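Structure first, then comments.
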2 protein chains.
Amino acid sequence: MDPNLKPGNTKMRILDATAELFMRYGYTGTGLKQIVADANAPFGSLYHHFPGGKQELGVEVIHRSGAMYLELVTAVFDAAPDIVSGVHDCFDGAAEVLRATDYADACPIETVALEVASTNEPLRQATAEVFESWIEGAAERFRTAGIGDRTARELSISLIALLEGAFVLCRATRTTEALGAAGKTAAAAVEAALRHVAPESAQP
Amino acid sequence: MDPNLKPGNTKMRILDATAELFMRYGYTGTGLKQIVADANAPFGSLYHHFPGGKQELGVEVIHRSGAMYLELVTAVFDAAPDIVSGVHDCFDGAAEVLRATDYADACPIETVALEVASTNEPLRQATAEVFESWIEGAAERFRTAGIGDRTARELSISLIALLEGAFVLCRATRTTEALGAAGKTAAAAVEAALRHVAPESAQP
DNA sequence: AGGGTCCTAGATAGATCGCTCTAGCTGTTA
DNA sequence: TAACAGCTAGAGCGATCTATCTAGGACCCT
């Protein structure tokens with residue numbers, strides 16, 4: 001028997017299915033019927049596990065997807081020999097995933113973030129918290145490399161903006177050209193910031 | 001009598017209303033009922049002017065909004081004394097508009113682009129054409145400043161990615177911090193590209 | 001005036017939306 | 001065995017969605 005179908009895992013299956021659907025079709029573009037169908041879950045279970053309905057499920061999925069994506073990127077960074085190649089690997093890896101999924105899987109919360117920004121305050125806040133966690137996660141890494149507080153934060157924001165913006169362009173054009181160009185610019189920005197680090201504190 | 005209400009302008013009012021709604025709430029988040037209500041148009045007129053329904057209206061709005069936004073950015077660029085301040089002015093202006101509209105008005109097609117990328121091929125293609133026109137519009141400007149073909153295109157893509165990515169972060173966090181940081185990075189990238197231009201052909 | 005075209009006008013169909021409801025199943029306790 | 005949670009299961013409600021339909025008004029031409 002499929003271990004994913006055993007009782008008790010329904011909530012997880014719902015969360016996983018919702019995360020994938022949100023990434024590809026967004027919040028308003030994803031119906032609850034489709035979620036339970038993809039999750040092989042009965043409709044009643046959805047409202048048992050998420051009494052707050054679609055919004056509660058959305059908040060939970062945003063936080064979960066945000067944390068998982070941060071872990072993924074962190075792992076890619078940790079595997080790289082230095083920060084600049086870490087940045088390079090992130091953009092390259094994102095391009096590879098995009099190609100492999102027929103330009104469907106990019107940022108797990110970007111579409112949702114734009115959709116709910118002016119319509120659903122709890123969801124908007126959830127996306128804001130995720131982005132802030134990403135920014136600070138990256139900034140801390142740059143600070144330990146000797147980059148100043150302010151520059152580290154601005155650099156982190158710019159890298160995330162480059163990635164998110166490239167995702168939009170790549171999914172629209174069905175090309176990975178934008179991730180290539182953005183990755184170059186991102187690496188150059190990191191190099192420029194590292195050049196201003198005092199040599200004795202630099203950790204390339 | 002309100003000139004916008006005189007007969008014959010119904011199509012324009014529908015286009016304008018749809019453009020604004022798409023920018024704020026996206027494609028699936030905008031209902032046809034809301035469009036005709038905002039446009040002060042009868043429902044029947046919508047299907048008279050756009051027999052193809054929501055999709056045909058969407059394609060037309062995407063192209064129209066894309067062209068108008070390109071004109072707007074071009075005007076800002078033309079008003080600036082040099083390219084680097086032009087870039088700076090674009091990001092600053094976008095931040096100002098965002099603040100003035102309670103973080104609602106950012107890129108006119110970004111939300112729609114992400115929503116339709118994996119669900120509606122004609123709309124996806126329309127967004128791709130708009131992005132491509134923006135990229136080439138910017139690249140041509142950089143080429144006339146003496147930047148090489150390949151660098152000009154990569155730079156243009158990176159600037160647009162920075163802008164689009166910053167829009168996501170700003171709307172989610174209800175802050176203009178990201179546009180500030182991205183603007184800095186964008187200006188630095190342009191400066192770096194201009195430094196590699198042979199002095200005799202440079203047009204700062 | 002009459003005929004024709006363009007556009008306005010809105011009721012309504014059919015599907016789908018998020019959500020609620022009750023009933024039953026399963027596994028753990030007394 | 002009996003009682004009780006926790007979860008599964010899906011029918012069905014009202015609202016809303018896109019789209020279609022028919023009817024009538026506005027304006028131009030002969």
Side-chain angles (χ1 to χ4, degrees), chain A residues 1-19 21-22 24-62 111-112 115-116 119-123 126, chain B residues 1-19 21-22 24-62 111-112 115-116 119-123 126:
Chain A
M1 179 186 185
D2 185 344
N4 266 355
L5 287 175
K6 78 161 176 249
N9 283 13
T10 306
K11 186 173 182 179
M12 284 296 178
R13 292 204 315 277
I14 290 176
L15 285 169
D16 287 341
T18 307
L21 290 167
F22 278 8
R24 301 188 175 195
Y25 311 120
Y27 184 75
T28 54
T30 299
L32 296 184
K33 293 261 166 67
Q34 194 181 353
I35 290 175
V36 296
D38 282 31
N40 266 105
F43 196 85
S45 297
L46 199 156
Y47 274 86
H48 171 76
H49 293 292
F50 306 95
K54 196 183 188 185
Q55 178 172 291
E56 180 183 342
L57 172 60
V59 168
E60 202 152 322
V61 166
I62 288 167
T111 310
V112 175
E115 282 180 290
V116 304
T119 59
N120 190 316
E121 185 57 18
L123 287 181
Chain B
M1 180 187 184
D2 184 345
N4 265 355
L5 287 175
K6 78 164 177 247
N9 282 14
T10 306
K11 187 173 183 179
M12 284 296 178
R13 292 205 314 278
I14 290 176
L15 285 169
D16 287 341
T18 307
L21 290 167
F22 277 8
R24 301 187 174 197
Y25 311 119
Y27 183 75
T28 53
T30 300
L32 297 183
K33 292 259 166 67
Q34 193 181 354
I35 289 175
V36 296
D38 282 30
N40 267 104
F43 196 85
S45 298
L46 199 155
Y47 275 87
H48 170 76
H49 293 291
F50 307 94
K54 194 182 187 183
Q55 179 172 292
E56 180 183 343
L57 171 60
V59 169
E60 202 152 321
V61 165
I62 287 166
T111 311
V112 175
E115 282 179 291
V116 304
T119 59
N120 190 316
E121 186 56 19
L123 287 181

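The chains referred to below are lettered A, B, ... by the order of the sequence lines, with proteins before strands, and numbering in each begins at 1. Only a predicted model underlies this, so the values are computations on that prediction, with no experimental measurement involved.
The OH-P distance, from Y25(A) to dT16(C), rounds to 16 Å in whole Å. To the nearest angstrom, P of dT20(C) lies 15 Å from CZ of F50(A). For the pair L21(A) CG and dG18(C) P, the computed distance is 11 Å after rounding to whole Å. In this structure, the CE atom of M12(B) is 16 Å from the C1' atom of dC7(C), given to the nearest Å. Atom-to-atom, NE2 of H48(A) to C1' of dA23(C) comes out at 15 Å; the value is rounded to the nearest Å. As a whole-Å value, the separation of N40(A) CG from dA9(D) C1' is 13 Å. If you measure from atom CD1 of I14(B) to atom P of dA9(C), you get 11 Å, rounded to the nearest angstrom. Protein atom NE2 of H49(B) is 17 Å distant from nucleotide atom P of dT20(D), rounded to whole Å.
Atom CG of D16(A) sits about 9.5 Å away from atom CG of N9(A), to the nearest 0.5 Å. Note that CD of E56(B) is 11.5 Å distant from NE2 of H49(B), once rounded to the nearest 0.5 Å. Within the model, atoms NZ of K11(A) and CD of E60(A) stand 4.5 Å from one another, a figure rounded to the nearest 0.5 Å.
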Pairs of donor and acceptor atoms involving the side chains of residues 32-39 of chain B, under 3.5 Å and at least two apart or interchain, shall be tabulated with distances.
none

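The backbone N or O of T28(A) lies less than 3.5 Å from a partner atom in the side chain of E115(A), making a donor-acceptor pair.
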Produce the list of close N/O pairs, under 3.5 Å, pairing protein atoms with atoms of nucleotides 16-19 of chain D; give distances to one decimal.
residue, atom, partner, partner atom, Å
dT18(D), OP1, T30(B), O, 3.3
dT18(D), OP1, K54(B), NZ, 2.8
dT18(D), OP2, L32(B), N, 2.7
dA19(D), OP2, Y47(B), OH, 2.7
dA19(D), OP2, K54(B), N, 3.0
dA19(D), O5', Y47(B), OH, 3.0

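Tested against V61(A) for a side chain to side chain contact (heavy atoms under 4.5 Å, CB included), the candidates T18(A), I14(A), L21(A) yield a single pass: T18(A). Each of N120(B), T119(B), T111(B) was evaluated against Y27(B); a single residue qualifies, N120(B), per the side chain to side chain contact (heavy atoms under 4.5 Å, CB included) test.
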>> If you apply the rule side chain to side chain contact (heavy atoms under 4.5 Å, CB included), what do you find for F50(B) with L15(B), and how did you get there?
In response: CA-CA 10 Å; F50(B) 307 94; L15(B) 285 169; 3.7 Å; yes
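A rotation axis mapping the C1' atoms of four pairs onto the next four is fitted at both ends of the helix from dA1(C)-dT30(D) to dA30(C)-dT1(D) over five pairs, and the angle between these axes is 10° to 10 degrees.
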